[in-house]
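Here the structure is laid out as structure tokens; the discussion comes afterwards.
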Amino acid sequence: MARTDALVLGAGIVGTAIALHLAKRGLAVALVDRRAPGEETSYGNAGIIEGNTVFPAAFPRGLAALARVALKRAPEANYHLAFLPKVAPWLLAFRAWSQPKRLIETARVMRPLFGRAVAEHEALMAEAGAAQLMRKTGWLKLYRRPETFAATAREREVAAQLGIPISVLDMDGARALEPSLNPVFRHALNWEGAASISNPQALTRAYAARFAALGGVAIEGDARSLHRTGSRWRVDTAEGPVEAPAAVLALGPWTPDLIGPLGIQLPMAVKRGYHRHFHARGNAGLARPVLDADKGYCLAPMEQGIRLTTGVEFADRDAPPTPVQFDRLMPAARGLFPLGEAIEASPWMGSRPCFADSRPVIGPAPGQPGLWLGFGHAHWGLTLAAITGRLIADLVTKTAPVVDPAPFAAERFR
Ligand SMILES: Cc1cc2nc3c(=O)[nH]c(=O)nc-3n(C[C@H](O)[C@H](O)[C@H](O)COP(=O)(O)OP(=O)(O)OC[C@H]3O[C@@H](n4cnc5c(N)ncnc54)[C@H](O)[C@@H]3O)c2cc1C
């Protein structure tokens with residue numbers, strides 16, 4: 001490249017959206033990844049643009065719920081015993097952030113991002129020629145037990161205060177929306193403001209193609225070669241070294257591999273998750289993603305089939321997959337929806353990069369001029385990618401930021 005204004009390291013949905021936003025501002029951008037765009041975590045999510053989010057996923061409430069997880073009976077969560085001591089400080093912080101008062105604080109702090117999530121994607125998708133990938137049909141959450149539904153009361157109240165639309169449905173109302181669901185639940189909520197994507201990898205690829213059309217360059221390279229040379233940042237790529245005055249790290253769960261050696265320690269953990277595609281039996285189908293709240297899995301209609309995504313697994317990012325949650329949840333999933341044969345021989349696994357306060361890090365890297373961070377989007381990396389791209393582009397180009405970046409600063413952990 002003749003001139004490079006910015007390096008973006010990591011071509012998941014977050015890095016690709018950042019690169020696209022920077023290119024839209026007229027910057028010459030190199031997007032560096034060791035793989036093609038969208039092949040890691042951003043490949044395998046449930047495809048939900050959760051602009052509706054009020055409360056983040058929280059630490060289990062009550063001893064019974066905790067005991068089910070501890071005894072490995074909960075379909076929604078799993079853990080590797082040997083990993084627990086390593087993740088214990090993070091879990092304690094996560095538990096503290098799951099207190100009702102702090103959940104409300106998180107809801108308010110995150111609203112400026114979530115509230116813009118769908119519109120920001122819609123705008124990028126329109127210019128990337130990818131509008132057909134989006135469904136604006138909401139996200140249906142099902143409740144088998146009256147207690148589980150009753151536990152959503154506070155969240156619904158806060159949603160109403162924030163002006164977030166939900167329709168409260170009984171079983172018949174939900175089955176009017178999704179006739180293929182079996183009557184194994186009692187209550188449902190349709191979060192009408194959520195949208196969903198029929199192929200998350202195709203979305204990242206579409207943003208990458210739009211980035212290229214604007215003159216952006218995608219290059220294969222190992223981000224771990226990033227180093228400072230004077231006032232610039234340099235990375236080694238398959239096409240030789242590339243350097244620029246600004247570099248953005250958007251390596252999702254791998255970001256700590258880079259910032260650690262630069263002396264930046266941020267308390268990120270990973271929540272691993274799995275998916276598997278299934279054929280639907282007969283004419284069965286879904287028009288929107290469906291969460292089975294009591295069992296902690298999601299069924300999302302994708303171009304590849306019905307994608308069943310699991311809840312969380314606490315384990316080392318690089319430990320071999322242990323998809324035991326499927327054994328615990330498949331009877332419930334088959335009871336809810338007529339799932340046919342599995343499409344792949346084995347499940348896919350990805351790692352959600354998570355901070356205990358359920359906020360991403362978006363902003364400058366402490367003590368490293370010209371280095372920017374955009375990672376840690378947890379359960380909402382797809383959701384927040386487009387607004388993150390805009391915010392980082394505002395910060396890098398010194399434009400008035402679209403939202404106040406202070407709550408997302410890395411310095412909050414000091
Ligand atoms: C089961 C599951 C379901 C989910 N469902 C949803 C959902 O419905 N909605 C939602 O919003 N979010 C969802 N998420 C979360 C979402 O998928 C992630 O937050 C998001 O994909 C993170 O994107 P990213 O771009 O930060 O990371 P990634 O997509 O992981 O991208 C990181 C990139 O960095 C590259 N990289 C890493 N190391 C190096 C290196 N050394 N050199 C070069 N390149 C490197 C990788 O190859 C990769 O391309 C889900 C996650 C899981 C696991």
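In each ligand, atom 1 is the first atom listed, and ligand 1 is the first ligand listed.
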Nearest non-hydrogen protein atom, atom 25 (O) of ligand 1
Val14 N, 3.1 Å
Mind checking whether Trp380 has a heavy atom under 4.0 Å from ligand 1?
yes
Can you say whether the rings of Phe326 and Tyr274 are parallel (under 30°), tilted (30 to 60°) or perpendicular (over 60°)?
perpendicular
Is the count of non-hydrogen atoms from other residues, nucleotides or ligands lying under 6.0 Å from Glu220 atom CD greater than 12?
no
Quick note on ligand 1: atoms under 4.0 Å from a heavy atom of Asp33 include exactly 33 (C), 34 (O), 35 (C), 43 (C), 44 (N), 46 (C), 47 (O), 48 (C), 49 (O)
Can you check which of Asn45, Ile197, Ile18 brings a heavy atom nearest to atom 4 (C) of ligand 1?
Asn45
At a 4.0 Å threshold, what atoms of ligand 1 neighbour a non-hydrogen atom of Ala223?
40 (C), 41 (N), 42 (N), 43 (C)
Within 45° of the six-membered ring axis of Tyr79 and under 6.0 Å from that ring's centre, is NZ or CZ of Lys72 located there?
yes
Verify whether the ring centers belonging to Tyr143 and Phe149 lie closer than 6.0 Å.
yes
4.5 Å side-chain heavy-atom contact, Pro75 and Gln325
no
Protein heavy-atom partner closest to atom 53 (C) of ligand 1 - residue, atom, separation in Å:
Arg352 CG, 3.7 Å
Looking only at distances, can you tell me whether any N or O atom of Gly10, backbone or side chain, sits closer than 3.5 Å to an N or O atom of ligand 1?
no
Would you check whether Gly221 reaches within less than 4.0 Å of ligand 1, judged by its heavy atoms?
yes
Cation-pi geometry met for Arg307 and Tyr43 (6.0 Å, 45°):
yes
Please confirm whether Pro353 comes within less than 3.5 Å of ligand 1 when only nitrogen or oxygen atoms on both sides are compared.
no
Of all the heavy-atom pairs spanning Pro301 and Leu299, show the shortest one and how long it is.
CD-O, 4.1 Å
Note: ligand 1 atoms sitting under 4.0 Å from heavy atoms of Pro253 are 30 (O)
Enumerated ligand 1 atoms positioned under 4.0 Å from heavy atoms of Asp222:
40 (C), 41 (N), 42 (N)
Give yes or no for whether the N/O distance cutoff of 3.5 Å, strictly under, is met between Ala46 and ligand 1.
yes
Considering the heavy atoms of Ser42, write down every atom of ligand 1 situated less than 4.0 Å from one of them.
20 (C), 21 (O), 23 (O), 24 (P), 25 (O), 28 (P), 29 (O)
Could you tell me the residue and atom name of the protein heavy atom closest to atom 36 (N) of ligand 1, and the distance to it rounded to 0.1 Å?
Leu251 CD2, 3.5 Å
What protein heavy atom sits nearest atom 27 (O) of ligand 1, and how far off is it?
Gly252 CA, 3.6 Å
Go through ligand 1 atom by atom and flag the ones less than 4.0 Å from a non-hydrogen atom of Trp254.
30 (O), 37 (C), 38 (N)
Do any nitrogen or oxygen atoms of Leu382 come within less than 3.5 Å of a nitrogen or oxygen of ligand 1?
yes
For Arg224, the ligand 1 atoms with a heavy-atom partner under 4.0 Å come out as 41 (N)
Does Ala378 reach ligand 1 with a nitrogen or oxygen that is under 3.5 Å from one of the ligand's nitrogen or oxygen atoms?
yes
The protein heavy atom nearest to atom 12 (N) of ligand 1 is His379 O, 2.8 Å
Distance-only N or O hit between ligand 1 and Arg35, under 3.5 Å:
no
Does an N or O from Gly44, backbone or side chain, lie closer than 3.5 Å to an N or O of ligand 1?
no
If the condition is side chain to side chain donor-acceptor pair (under 3.5 Å), which residues does Arg210 pass it with, not counting sequence neighbours?
Glu127
Logged contact type for Glu50 with ligand 1, heavy-atom cut-off 4.0 Å, is side chain
Contact atoms of ligand 1, heavy-atom distance to Thr383 under 4.0 Å
9 (N), 10 (C), 11 (O)
Answer with side chain, backbone, both or neither: which part of Arg34 has a heavy atom less than 4.0 angstrom from an atom of ligand 1?
both
Does ligand 1 come near enough to Gly381 that some N or O of the ligand is less than 3.5 Å from an N or O of the residue?
yes
Arg412 charged N/C atom sitting above Phe355 aromatic ring, 6.0 Å / 45°
yes
For ligand 1, which is the ligand I care about here, please tell me if Thr310 has any N or O atom under 3.5 Å from one of the ligand's N or O atoms.
no
Contact check, side chains of Thr322 and Glu313, non-hydrogen atoms, under 4.5 Å
yes
Taking distance alone, with no angle check, do Thr309 and ligand 1 share an N/O pair under 3.5 Å?
no
Leu189 side chain near Leu169 side chain, heavy-atom distance below 4.5 Å:
no
Evaluate the side-chain proximity of Val235 to Thr237: yes if any heavy-atom separation is below 4.5 Å, no if none is.
yes
Side chain to side chain, Ile48 and Cys298, heavy atoms closer than 4.5 Å
yes
Looking only at non-hydrogen atoms, the one of Thr53, Ile48, Asp257, Thr41 nearest atom 30 (O) of ligand 1 is Thr41
Taking all non-hydrogen atoms of both residues into account, name the closest pair between Arg25 and Arg390 and its distance.
NH2-O, 3.6 Å
Kindly indicate whether the side chain of Arg288, heavy atoms from C-beta on, has any atom under 4.5 Å from the side chain of Leu177.
yes
Is it true that atom NZ of Lys136 has more than 12 heavy atoms of other residues, nucleotides or ligands lying nearer than 6.0 Å?
no
Got the closest protein heavy atom to atom 31 (O) of ligand 1, with its distance?
Gly12 CA, 3.3 Å
Is the distance between the ring centroids of Phe375 and Trp254 under 6.0 Å?
no
